Amino acid sequence: MIVIIRPDATPAQLTNVVALIEQMGCQAHISRGERRTLVGIIGNGRPFDVERIERMPGVEKTMPVTRPFKRASREFHPDNSVVAVGDVVVGGSEITVIAGPCAVETEEQMSAIGRAVAESGAQMLRGGAYKPRTSPYSFQGLGEEGLKILARVRDETGLPIVTEVIQPDLVPLVTRYADVLQIGARNMQNFALLHAVGQAHRPVLLKRGMMSTVEELLMAAEYILSHGNDRVILCERGIRTFETYTRNTLDINAVPLLKQLTHLPVIVDPSHGTGMRDLVEPVSRAAIAAGADGLIVEVHHRPDEALSDGNQSLLPEQFVELCASVGAIAAAVGRLM
Ligand code: PEP
Ligand code: MN
């Protein structure tokens with residue numbers, strides 16, 4: 001349920017509306033938009049007295065919210081949310097590009113790739129120190145040593161770092177080094193992990209599970225929001241379908257759909273979405289044309305030697321081309337890059 005506050009309502013009237021909602025055992029979520037102030041009501045499963053709320057001074061009307069996600073919904077927060085990471089803004093007029101290797105391998109590797117992508121215009125640097133691999137025999141990441149390398153390359157390049165956290169007890173450690181906490185596709189419904197990052201003081205990049213619906217993604221975001229962290233960036237990274245030529249099928253529909261359903265920024269991962277280096281640039285263009293707020297792209301200076309995801313990693317010179325080509329699409333759809 002949403003309560004629409006009258007434009008001429010006084011602050012005291014708003015306070016009284018919130019107090020009544022809380023007195024009814026519900027939570028109140030205030031959204032101050034450019035034109036309107038709304039109060040979202042998050043119920044406790046029990047019916048409450050809507051008419052009593054509608055009779056309050058300062059209330060214009062109430063509207064039902066039928067979706068199961070509340071804090072994440074456009075109805076609760078009609079304006080786009082922007083997530084600031086230092087000086088970088090995700091979800092504003094500018095397209096945000098995050099680039100870097102799948103995994104942190106060595107300081108030399110991270111520094112070479114970090115410098116290259118910074119020069120080409122990436123605004124954030126990615127790299128996994130904890131890798132959730134399908135096989136227990138595959139490279140699992142450097143752990144804390146990888147985080148230390150990321151922090152040094154952040155100092156060198158000035159780029160904020162995005163890195164994955166794979167289990168709740170690692171959230172405090174990863175938070176010490178990272179600017180953005182990534183929740184990977186395999187962990188999208190790890191509710192203990194969502195709870196932990198919901199209490200962390202860092203923005204979260206939440207990737208769609210490979211077998212998850214758009215609604216499940218939004219409910220996962222709702223877990224993070226409901227535990228107190230409102231800085232959530234959603235990421236479409238492809239889902240499993242019957243198609244086997246590509247690693248995943250990038251669900252381009254999800255981009256404009258998510259932009260309708262939620263106020264949260266939406267970015268696209270064309271690297272995992274395709275699994276094929278040659279498809280990364282055209283799919284990136286499609287993502288920005290469809291309304292994505294940014295991209296997260298894997299780049300490696302020696303992809304043949306990469307310890308993970310070399311096949312889908314762009315060479316630094318291909319990343320330069322991608323930025324130019326995506327920039328033209330961004331301009332065509334009225335975005336800056
Ligand atoms: C990654 O970003 O390297 C990764 C493991 O992605 P996903 O969780 O989308 O598979
Ligand atoms: Mn990867």
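Every number for a ligand or one of its atoms is a count from 1 in the order of the listing. Everything quoted here is computed from the prediction, not taken from an experiment.
Protein atoms that are N, O or S and lie under 2.8 Å from the Mn ion (ligand 2) are these: Cys102 SG, His272 NE2, Glu298 OE2, Asp309 OD2.
Closest to atom 8 (O) of ligand 1, if we only count protein heavy atoms, is Ala185 N, 2.7 Å. In this structure, the protein non-hydrogen atom closest to atom 6 (O) of ligand 1 is Lys207 NZ, 3.0 Å. Nearest protein heavy-atom neighbour of atom 9 (O) of ligand 1: Arg237 NE, 2.6 Å. From the protein, the heavy atom lying nearest to atom 4 (C) of ligand 1 is His272 NE2, 3.4 Å.
For ligand 1, the atoms lying closer than 4.0 Å to a non-hydrogen atom of Gln182 are 1 (C), 2 (O). With ligand atoms numbered from 1 in the order given, ligand 1 contributes 3 (O) to contacts under 4.0 Å with heavy atoms of Glu298. Interface of Gly184 with ligand 1, defined as ligand atoms under 4.0 Å from a residue heavy atom, comprises 8 (O).
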- Query: For Leu147 and Tyr130, what are the C-alpha separation, side-chain angles and deciding distance, and is it a side chain to side chain contact (heavy atoms under 4.5 Å, CB included)?
  - Reply: CA-CA 9 Å; Leu147 297 175; Tyr130 294 91; 3.9 Å; yes
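Judged by distance alone, the side chains of Ser111 and Glu156 do bring a donor and an acceptor atom under 3.5 Å apart.
Glu105 has no carboxylate O lying under 4.0 Å from a charged side-chain N of Lys131, or vice versa, which leaves the two without a salt bridge. Using a cut-off of 4.0 Å between Lys/Arg side-chain N and Asp/Glu carboxylate O, Glu164 and Lys207 are scored as not salt-bridged.
Among residue pairs with one or both ends in residues 306-317, those qualifying as side chain to side chain donor-acceptor pair (under 3.5 Å) are Arg247-Asp309, Arg247-Gln312, His272-Asp309, His272-Gln312, Glu298-Gln312, Asp309-Gln312; sequence neighbours excluded.
Contacts of Met210 with ligand 1, taken as heavy-atom pairs under 4.0 Å, are absent altogether.
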